[in-house]
Trainee: 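Before I ask anything, let me first share the structure, which is written out below as structure tokens.
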Amino acid sequence: MATSPFRPFPHPSSSPPPSPPDPSSDADLLRHLLSLSRDVSSSSSPLRINPNLSSVPRNVKQLSFLFEELLLAVQDEDDDRDLALPRTASLCFREILLVLHRLKVLFDDRDYRSRFFVLFRAERIAAEIHEQVVDLATFLDILPLAELRVPEDVRDLLRLLRRQLRRTSPAVDPAALSLRRDVLELVAGVEIGTVPDRGALRGIFRRLSLDGARSCRHEIESLERDIADCVVDDRSDSSIGAGGSKSPFSEAEDLAVPADFRCPISLDLMRDPVVVATGQTYDRESIVRWIVSGHATCPKSGQALPHLELLPNRALKNLIARWCRDNNLPYDVADTITSTSNKQDDADGATAGTNKAALEAARMMASFLVEELATAPSTEAAHRLVHELRLLAKHGSDNRAFVAEAGAIPLLLPLLRSANAGLQINAVTALLNLSILEANKRRIMHADGAVEGVVHVLAEGTTWRAKENAAATVLSLCSVHSYRRRLARHPRTVEVLVQMARDGPASAKKDAMAAILSLAADRENTRRLVEGGVVAAALEAAGEPEVAEEASAVLAAVARRGGAEAVAEAKGAVARLVGVLRRGSDRARESAAAALVAVCRRTGASIVAELAAVPGIEWVIWELMGAGTERARRKAAALGRICRRWAAAVEAERTARVSAMNVTAVA
């Protein structure tokens, strides 16, 4: 029968879809048919655009039973030769192979596309699939079943399958059409700055099977690919004008456009160059689209934009206009100049409206995830939802506020004690991300069981990664002065941090020492830190290059805030700190010098004598004064003065003693 040309939707690859294999024997033909039928039957789509066509994969799966039976029948088990199918049946099966291959390409393309693309191309997709289904039913009608050696139940199944395929229709499901209308209404409202209704937005998400941040991100990525493909197709179609001539804009692509004249975003010739706050120049249309999409950073440098004002780059515009005139390209400078102020006003209004809509969408997503977490039926479901909350809270203060306001913190705290490693890591990391926002620090510290939960992870976390993130949470919370004392007062906080600093890997030791340093910022905590063994643990860690900076800073902080005697009395403290002065990084040497200065000033001559007795200490101090950081040079100079005063005092005492002995001898 005659069929219309098969045209699948454009795929990212510019090459055409691969042709089906050309089997050399009937047995190979049946093997390829069996493989293709299984591939097609495994296809599924979360978006249902046609109730009849949705059953096509199941119908094709029934065909695989026929192919299996025939494959067994044509294979001669007594020798290696394959018996042939009847010629008419073989020809029908070769046509069916083509149809199944086309169905596979169509289903693969549909699965690759975004759900919005499928929704808005529903009629075309349904028509393409239905056309292949009709062909399949036709070839099954003319298949000579009487000549095939298959069981009667398979024949009955095949007759039923033909009737089912004949009943299919290309009509799009009314539910899909209704969803498309709702999406269009929502988009129209967003374009004029209307904040979408949360209930309506949630309903659209559910109907599109977008049930979390992960599926939304995947949909965005797929949609961006579809848009890029459509742009490429539009450009290729529009590059040839009426009568087969090229459009004026395609001539610019053939010319070597100077790099400075191309927009860094679109890579096209700039029509209206403008300068953003970072000093970078972009085409107005491209940068406005970037800002309207919710970005607040410079696309090229990545720097935050302190304001969204766009200043015309008139000098560059004149250069581009001159270059266009020299190359016979259109460039309407007057139009772009006179419309500058109007475009700026429109851009500002669109940015404000769209940002407001985007914020409301983020708030809705946070509420949705928290509500789902509150009723999560299993650990696996909770794990997935907490992971989505963690990712949502990772970016942006607004997102962190929305997640906390939705009530996520009380739901996360019990999960800190979960035996599931992944769930515990995601829970403590989500809490860490939320704690970055100042307002959330109060929410966390005032929640029942928050401190106990974090300490539990520090002590009994299922993985070192969970413990590291718990220590980072302590560090984040300690930025508030009163919370440092409250955390240190917990009977196990210091204990578990010290244990982590001694037994953990390098990354865990760094996080533990950073948390201890934040606690040491309060003088009231010094006694607890000293009693908890922080000095010994820090001295031990100072000998490890990966942790020396944090450990030296802890020793300096403890010594400055009332723990100098504890540092001085620790075995090998002076030798270890001098070792950091010799071999440590700039920051580690700076902290070690500060620790030695504090200890020498607060504990007396004995520790200075021990320092002065270290071989080569004068050269160590001298080298630090010349090559250290500014603070390190100051501390080294102070350390040198302390040593010189001690040496002078010792010399004076020795001189006085000798004089006294001489007087006694004369007498």
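We number each residue from 1, following the sequence as shown.
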Trainee: Indicate yes or no: at least one non-hydrogen side-chain atom of Asn440 is less than 4.5 angstrom from one of Ser435.
Mentor: no
Trainee: Report yes if some heavy atom in the side chain of Arg202 is under 4.5 Å from a heavy atom in the side chain of Ser367; otherwise report no.
Mentor: yes
Trainee: What is the distance from atom CG of Asp283 to atom CZ of Arg262, rounded to the nearest 0.5 Å?
Mentor: 12.5 Å
Trainee: To check you understand the geometry: which heavy-atom pair defines the closest contact between Ile444 and Ala450, and what is its length?
Mentor: O-CB, 2.9 Å
Trainee: Using a 3.5 Å distance criterion without hydrogens, assess whether the side chain of Ser35 forms a donor-acceptor pair with backbone atoms of Arg31.
Mentor: no
Trainee: Any Lys/Arg nitrogen of Arg363 or Glu405 sitting under 4.0 Å from an Asp/Glu carboxylate oxygen of the other?
Mentor: yes
Trainee: Could you tell me whether the side chain of Arg58 and the main chain of Ser41 form a donor-acceptor pair under 3.5 Å?
Mentor: no
Trainee: Calculate, to the nearest 0.5 Å, the distance between atoms OG1 and CZ belonging to Thr168 and Arg166 respectively.
Mentor: 8.5 Å
Trainee: Could you give the distance from CG (Leu208) to CZ (Arg206), rounded to the nearest 0.5 Å?
Mentor: 12.5 Å
Trainee: To check you understand the geometry: which heavy-atom pair defines the closest contact between Leu415 and Ala427, and what is its length?
Mentor: CB-CB, 3.8 Å
Trainee: Are Glu128 and Arg110 close enough that some pair of their side-chain heavy atoms sits under 4.5 Å apart?
Mentor: no
Trainee: More than 12 non-hydrogen atoms from neighbouring residues, nucleotides or ligands closer than 6.0 Å to CD on Glu285, yes or no?
Mentor: no
Trainee: Please examine the side chains of Asp39 and Phe107, heavy atoms only from C-beta on, and report whether any two atoms are closer than 4.5 Å.
Mentor: no
Trainee: Tell me the closest heavy-atom pair linking Gln424 and Val457, and the distance in Å.
Mentor: NE2-CG2, 4.2 Å
Trainee: Which atom pair, heavy atoms only, marks the closest approach of Arg115 to Ser209?
Mentor: NH1-O, 2.6 Å
Trainee: Report, as yes or no, whether the 6.0 Å neighbourhood of atom CG on Asp448 holds more than 12 heavy atoms from other residues, nucleotides or ligands.
Mentor: no
Trainee: Under 4.5 Å between any side-chain heavy atoms of Leu136 and Asn59, yes or no?
Mentor: no
Trainee: Just wondering, more than 12 heavy atoms not from Lys441 lying within 6.0 Å of its NZ?
Mentor: yes
Trainee: Mind checking the CG-CG spacing from Asn433 to Leu389? Nearest 0.5 Å is all I need.
Mentor: 10.5 Å
Trainee: What's the verdict on side-chain contact (heavy atoms from CB on, under 4.5 Å) for Ile96 and Leu140, showing C-alpha distance, side-chain angles and the deciding distance?
Mentor: CA-CA 8 Å; Ile96 291 174; Leu140 290 177; 3.8 Å; yes
Trainee: Hey, mind stepping through Val60 and Ser37 against side-chain contact (heavy atoms from CB on, under 4.5 Å) and telling me if it holds?
Mentor: CA-CA 6 Å; Val60 173; Ser37 62; 3.8 Å; yes
Trainee: Is it true that atom CZ of Arg442 has more than 12 heavy atoms of other residues, nucleotides or ligands lying nearer than 6.0 Å?
Mentor: no
Trainee: What's the spacing between Leu66 CG and Leu145 CG if we round to 0.5 Å?
Mentor: 7.5 Å
Trainee: Rounded to the nearest 0.5 Å, what separates atom CD in Gln164 from atom CD in Gln62?
Mentor: 5.5 Å
Trainee: Would you check if the side chain of Arg162 reaches a backbone N or O of Ala137 as a donor-acceptor pair within less than 3.5 Å?
Mentor: no
Trainee: So, for Val428 and Ile425, which heavy atoms are closest and what is the spacing to 0.1 Å?
Mentor: CG1-O, 3.3 Å
Trainee: Decide yes or no on side-chain contact (heavy atoms from CB on, under 4.5 Å) for Leu369 and Leu391, but give the supporting numbers first.
Mentor: CA-CA 12 Å; Leu369 291 174; Leu391 295 179; over 6 Å; no
Trainee: A side-chain contact here means heavy atoms from C-beta on lying under 4.5 Å apart; do Arg390 and Leu431 qualify?
Mentor: no
Trainee: Less than 4.5 Å apart, side chain to side chain, heavy atoms only: is that true for Met270 and Thr281?
Mentor: yes
Trainee: Where do Tyr282 and Cys298 come nearest, in terms of heavy atoms and distance?
Mentor: OH-SG, 2.9 Å
Trainee: Can you find a pair of side-chain heavy atoms, one from Pro264 and one from Gln280, that are under 4.5 Å apart?
Mentor: no
Trainee: Take Leu311 and Val274 through the test side-chain contact (heavy atoms from CB on, under 4.5 Å) and record every step on the way to the result.
Mentor: CA-CA 5 Å; Leu311 301 177; Val274 293; over 6 Å; no
Trainee: In plain terms, say whether Glu68 and Arg38 are close enough for a salt bridge, that is, a side-chain N and a carboxylate O under 4.0 Å apart.
Mentor: yes
